[in-house]
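Before any comments, here is the structure.
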There are 2 protein chains.
Amino acid sequence: MKESSEGTQLDRIDSKILRQLQRDGRLSNSDLAKLVGVSPATCHRRTERLFREGYVRGVHADIDPKCIERGALVMVGVVLDRSTPESFAAFETAIRKLPFILDCHLVAGDFDYFLKIRVRDMADFNRLHGSQLIALPGVRQTRTFFVMKEVVDGAILDF
Amino acid sequence: MKESSEGTQLDRIDSKILRQLQRDGRLSNSDLAKLVGVSPATCHRRTERLFREGYVRGVHADIDPKCIERGALVMVGVVLDRSTPESFAAFETAIRKLPFILDCHLVAGDFDYFLKIRVRDMADFNRLHGSQLIALPGVRQTRTFFVMKEVVDGAILDF
DNA sequence: CTCTCTAATGAAAGAATCTTCCGAAGGTAC
DNA sequence: GTACCTTCGGAAGATTCTTTCATTAGAGAG
């Protein structure tokens with residue numbers, strides 16, 4: 001065998017497939033095969049394995065937020081009342097149910113969590129902030145950073 | 001005509017197509033047509049228009065960062081020396097060239113910019129922080145928030 | 001070195017899909 | 001009513017997908 005089990009290293013061809021699919025997830029298998037330099041059959045097998053083994057978690061269309069009433073981006077730092085595992089778990093369970101949360105990360109530093117939120121506009125955010133965010137379990141305070149300009153958003157991974 | 005020009009409103013079918021492609025960007029046209037409830041020909045025409053007119057900015061495979069040596073996520077707040085347009089422009093031009101920057105947003109609040117960065121590990125970040133981040137033009141100070149747990153990352157837009 | 005075994009490869013072919021053309025249906029202005 | 005415009009679904013040739021199969025390359029044992 002080539003590797004132990006989980007950390008199966010990617011060879012040059014697998015890496016090329018991942019890079020191309022990250023760049024354009026709708027590439028046909030035959031086009032992908034040409035770009036990668038293998039036959040369509042081999043490319044098909046490789047790609048299917050990369051999906052099956054979890055290297056690719058999904059393929060998603062990148063919809064322009066402005067076109068679907070989600071033009072406003074907001075970053076929010078959250079501090080909880082208590083730093084107990086139960087408190088964290090309750091917060092995380094609740095926040096997973098909010099559809100406007102794009103990112104939620106537990107961080108080390110002045111905040112407990114960092115949120116990335118997309119809404120229609122500032123008025124929409126203020127409404128959601130008052131009715132949903134500060135109502136989350138255990139929230140002591142929040143600090144809001146309105147995004148005035150999206151310089152880079154969701155860049156692809158360089159590897 | 002139905003709408004003025006830019007703000008062309010999406011009808012129910014367009015919205016369904018966008019939602020399905022955001023969920024699974026590799027859906028075949030025939031499967032997509034079944035899910036949306038139109039003929040393959042109509043679905044093809046609609047989808048092609050949504051891409052052509054910019055509703056869909058791209059389709060990207062979501063690669064598991066742990067599989068490609070990008071398991072560490074870091075949020076960084078940046079304050080610049082001066083708040084001049086030239087200073088902002090220089091910073092933005094420089095940061096667009098750094099491949100490990102996933103997000104970079106100009107914000108209102110205690111920081112000028114918020115960054116989202118993916119690297120291999122903390123040691124990797126410390127090296128890049130010292131050699132690349134604080135060397136960016138006009139950077140007065142940075143505040144680093146290591147992500148200890150990714151609760152939600154890159155959720156799809158709910159609309 | 002040679003043999004064997006395993007895993008991966010590319011050619012091939014039937015099945016499925018894509019892409020475009022065409023006539024029809026529905027709505028609107030006059 | 002009539003002409004016009006847009007969007008629709010069916011149809012069909014071109015293309016692609018997906019699997020099968022024989023072959024090749026490489027590792028390990030003797």
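All chains are named by letter (A, B, ...) in the order of the sequence lines, taking the proteins before the strands, and each is independently numbered beginning at 1.
Qualifying salt bridge (Lys or Arg N to Asp or Glu O under 4.0 Å) partners for A/R127, counting only residues two or more places apart in sequence or in other chains: A/D124. Partners of B/E69 by side chain to side chain donor-acceptor pair (under 3.5 Å), not counting sequence neighbours: none found. Among residues two or more places apart in sequence or in another chain, the side-chain contact (heavy atoms from CB on, under 4.5 Å) test is passed with A/I13 by A/D11, A/I17, A/V36, A/V38, A/R46. Considering only residues two or more places apart in sequence or on other chains, A/S28 meets the side chain to side chain donor-acceptor pair (under 3.5 Å) condition with A/S30, A/D31. Annotation: side-chain contact (heavy atoms from CB on, under 4.5 Å) contacts of B/M122 (sequence neighbours excluded): B/F146. Looking at residues two or more places apart in sequence or on another chain, you find no side chain to side chain donor-acceptor pair (under 3.5 Å) involving A/D112. Checked against side-chain contact (heavy atoms from CB on, under 4.5 Å), B/A72 has the following partners two or more places apart in sequence or in another chain: B/V119.
Chaining together hydrophobic side chains whose heavy atoms lie under 4.5 Å apart leaves A/I134 on its own.
Inter-axis angle, ends of the helix from C/dC1-D/dG30 to C/dC30-D/dG1, five pairs per end, rounded to 10 degrees: 30°.
Applying a 4.0 Å cut-off to non-hydrogen atoms, none of the residues of residues 22-34 of chain A approaches DNA chain C.
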Using a cutoff of under 3.5 Å, can you pull out all pairs of nitrogen or oxygen atoms linking the protein to nucleotides 9-13 of chain D, with atom names and distances?
residue: D/dG9; atom: OP2; partner: B/S39; partner atom: N; Å: 3.4
residue: D/dG9; atom: OP2; partner: B/S39; partner atom: OG; Å: 3.0
residue: D/dG9; atom: OP2; partner: B/T42; partner atom: OG1; Å: 2.3
residue: D/dG9; atom: N7; partner: B/R45; partner atom: NH2; Å: 3.3
residue: D/dG9; atom: O6; partner: B/R45; partner atom: NH2; Å: 3.3

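By the 30° and 60° cut-offs, the orientation of the rings of B/F114 relative to A/F145 is perpendicular.
Under 4.0 angstrom from either OP1 or OP2 of D/dC17 there lies no side-chain N or O belonging to A/H44. Between B/R46 and the phosphate of D/dT7, there is no side-chain N or O to OP1/OP2 separation shorter than 4.0 Å.
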May I have the list of side-chain donor-acceptor pairs in residues 93-108 of chain B shorter than 3.5 Å, sequence neighbours left out?
residue: B/T93; atom: OG1; partner: B/A89; partner atom: O; Å: 2.9
residue: B/R96; atom: NH1; partner: A/V151; partner atom: O; Å: 3.2
residue: B/D103; atom: OD1; partner: A/G154; partner atom: N; Å: 2.8
residue: B/D103; atom: OD2; partner: A/K116; partner atom: NZ; Å: 2.5
residue: B/H105; atom: NE2; partner: A/D153; partner atom: OD1; Å: 3.4

